[in-house]
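In what follows, a structure is listed as structure tokens, so that the remarks can point back to it.
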Protein chains: 2
Amino acid sequence: MPTIKYYLREGLLPAGVLTSPNQAHYDDEHLRRLRLVRALVDVGGLSIASVREVLAAIDTRDESLHSKLGAVQEAISQPSAVELDPLAIEDVQAFFARQGETECVDVTGSNVTHMLAAALSVARSVGHDHFRDLLDPYLEGLKIIAQADVEYIAGRGSRDDVIEAMVVGTLIGDAVLKAVRRLAHVQVSRDVIDGRPDSDPLN
Amino acid sequence: MPTIKYYLREGLLPAGVLTSPNQAHYDDEHLRRLRLVRALVDVGGLSIASVREVLAAIDTRDESLHSKLGAVQEAISQPSAVELDPLAIEDVQAFFARQGETECVDVTGSNVTHMLAAALSVARSVGHDHFRDLLDPYLEGLKIIAQADVEYIAGRGSRDDVIEAMVVGTLIGDAVLKAVRRLAHVQVSRDVIDGRPDSDPLN
DNA sequence: GATAGTAGAGAGTGCCGCTATCCATCCAGG
DNA sequence: CCTGGATGGATAGCGGCACTCTCTACTATC
């Protein structure tokens, strides 16, 4: 309960309707918002500041859903202090060019692209210069996943539901992806082992 | 530089070879290890304690690569304090049964499955009871990704390289996946928009 | 009227990831 | 041989963050 008061103070939850100077009323919308905040913190691992950004993006009324999704993604991708390797930046730009994305040439202009460049920079720093080769197969698999995401979101009714489904699908989805990826690794590596038991590179 | 001393104290880096009581020698292996630690912290967002677990898994000599990968995945999936929804646990068990994974019936026995159940529990708590329907398409996409991962790892030479590629591929891969997923969303939602411009659910 | 409960706000707490200080020692330059 | 700067090792301190505690003013209830 003190945590709720803290969230109220931090502006993560709207103030209740004051029925008297020391009595406020909270409705279902407050509870829903509280659960969303807990979801972002517990599963998404977001900081309070990031949660505030996400909520601000949700509550902005005059934006398309597309830009809302972008804002959410920006908020959940806090930039790290990694210095970017110019070669990694080139890798990202080449990847975008390959995918026909011309608008994202400025890698540092977005937290998401910055995060991608940072990840590839760190990969290079530990000697994995060719990690970029994984970008295309990753995108291929993620297209299937994104297809499911879009269908899931489109199945929502009201606009508010769509927005929340977007946030949930993005953030909880990331956590689910991490976990399911483990299962996929197990399955694929088992297939590889079954396929060529004598030249097993994984055991 | 003080940070390195701190890591030494925390046991994340092995002590250098003392050439004299106050002079230690550090070789390339130390530098490599340091960069790995920074990679885990900066990109993976791991805590120092988790990094210690990952390194312990790497340094354990008498395990198969398969169990090493499992140990790494366990270390990077720190369990949250979310209480699990029994229905979400059932969802996870049904998913595993569907995929022929019989060994993971104990959901709380592994950080990874616990994380998956926690994510689905939180999804349920915000009203997304059918988020579990995404598990199968997620796995389908992740199999493609895991295929690329395994090929990438198998292309490594020495056993140490394979181990490090596993860690890098898992942890940096998660970060890359998060970023690339955004691009996939953009592409897929644009395809949807192009396909049926009048019933656009995303704008 | 006594009691219990609430809103609101400020201060305090505990943990975590460093960072700064201290001292004994050692090595290099003169 | 002497001195200044650097190093290893250990201890203590700091700053940020996510709460949590406490205090006051007030009111609704018994």
Side-chain angles (χ1 to χ4, degrees), chain A residues 1-31 33-56 75-83 111 118 122 125 171 175, chain B residues 1-31 33-56 75-83 111 118 122 125 171 175:
Chain A
M1 202 59 138
T3 307
I4 296 176
K5 293 175 93 173
Y6 167 65
Y7 289 166
L8 283 167
R9 241 178 304 145
E10 293 296 314
L12 301 187
L13 303 174
V17 181
L18 281 179
T19 58
S20 50
N22 68 337
Q23 211 73 6
H25 178 249
Y26 300 96
D27 57 11
D28 286 354
E29 196 53 39
H30 285 88
L31 190 56
R33 175 54 64 94
L34 175 59
R35 279 203 268 250
L36 180 60
V37 170
R38 292 309 316 177
L40 299 185
V41 170
D42 287 340
V43 173
L46 296 196
S47 69
I48 299 300
S50 298
V51 171
R52 214 192 335 260
E53 281 182 62
V54 171
L55 297 180
I76 69 179
S77 316
Q78 65 278 35
S80 58
V82 180
E83 84 222 68
N111 288 346
V122 171
S125 82
L171 236 147
Chain B
M1 202 57 139
T3 308
I4 295 175
K5 293 174 95 173
Y6 168 66
Y7 288 166
L8 284 168
R9 237 177 306 141
E10 294 296 314
L12 301 187
L13 303 175
V17 181
L18 282 178
T19 58
S20 48
N22 69 338
Q23 212 72 8
H25 178 248
Y26 301 97
D27 56 11
D28 286 354
E29 197 54 39
H30 285 89
L31 190 57
R33 176 54 64 96
L34 174 60
R35 279 202 269 250
L36 180 60
V37 169
R38 293 308 316 175
L40 300 185
V41 169
D42 287 340
V43 172
L46 296 196
S47 67
I48 299 299
S50 299
V51 171
R52 214 191 334 260
E53 282 182 60
V54 171
L55 297 181
I76 67 178
S77 316
Q78 64 280 33
S80 59
V82 180
E83 84 221 67
N111 288 345
V122 170
S125 82
L171 237 149

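Below, chain A is the first sequence line, B the second, and so on; all start at residue 1. Keep in mind it's a predicted model, so treat the numbers as computed, not measured.
- For the pair A:Q78 CD and D:dC17 P, the computed distance is 12 Å after rounding to whole Å.
- A:R52 places a side-chain N or O within 3.5 Å of a backbone atom of A:E10 that can act as its donor or acceptor partner.
- Put simply, OH on A:Y26 is 11 Å from P on C:dT6, counting in whole angstrom units.
- Two residues are said to be in side-chain contact when any heavy atoms from C-beta on lie closer than 4.5 Å; B:Y26 and B:L8 meet this criterion.
- Nucleotide C:dG8 holds its C1' atom 15 Å from the CG atom of A:L13, rounded to whole Å.
- The nearest whole Å value for the distance from the NE2 atom in A:H30 to the P atom in C:dT6 is 16 Å.
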Side-chain polar contacts of residues 34-44 of chain A - donor-acceptor pairs under 3.5 angstrom, sequence neighbours left out - could you list them?
residue: A:R35; atom: NE; partner: B:S125; partner atom: O; Å: 3.1
residue: A:R38; atom: NH1; partner: A:Y7; partner atom: OH; Å: 2.4
residue: A:R38; atom: NH2; partner: A:D42; partner atom: OD1; Å: 2.9

Self-check item: Contact pattern, 5' to 3', of nucleotides 10-22 of chain C - B, S or - by protein heavy atom under 4.0 Å
Solution: BB-----BBBB--
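- Residues meeting the side-chain hydrogen bond (donor to acceptor under 3.5 Å, both in side chains) test with B:D27, sequence neighbours left out: B:H30.
- Under the side-chain hydrogen bond (donor to acceptor under 3.5 Å, both in side chains) criterion, A:S50 pairs with A:S47, not counting sequence neighbours.
- Remark: P of D:dG9 and CG of B:L8 are 8 Å apart, rounded to the nearest angstrom.
- For A:E29, the salt bridge (Lys or Arg N to Asp or Glu O under 4.0 Å) criterion is met by no residue, not counting sequence neighbours.
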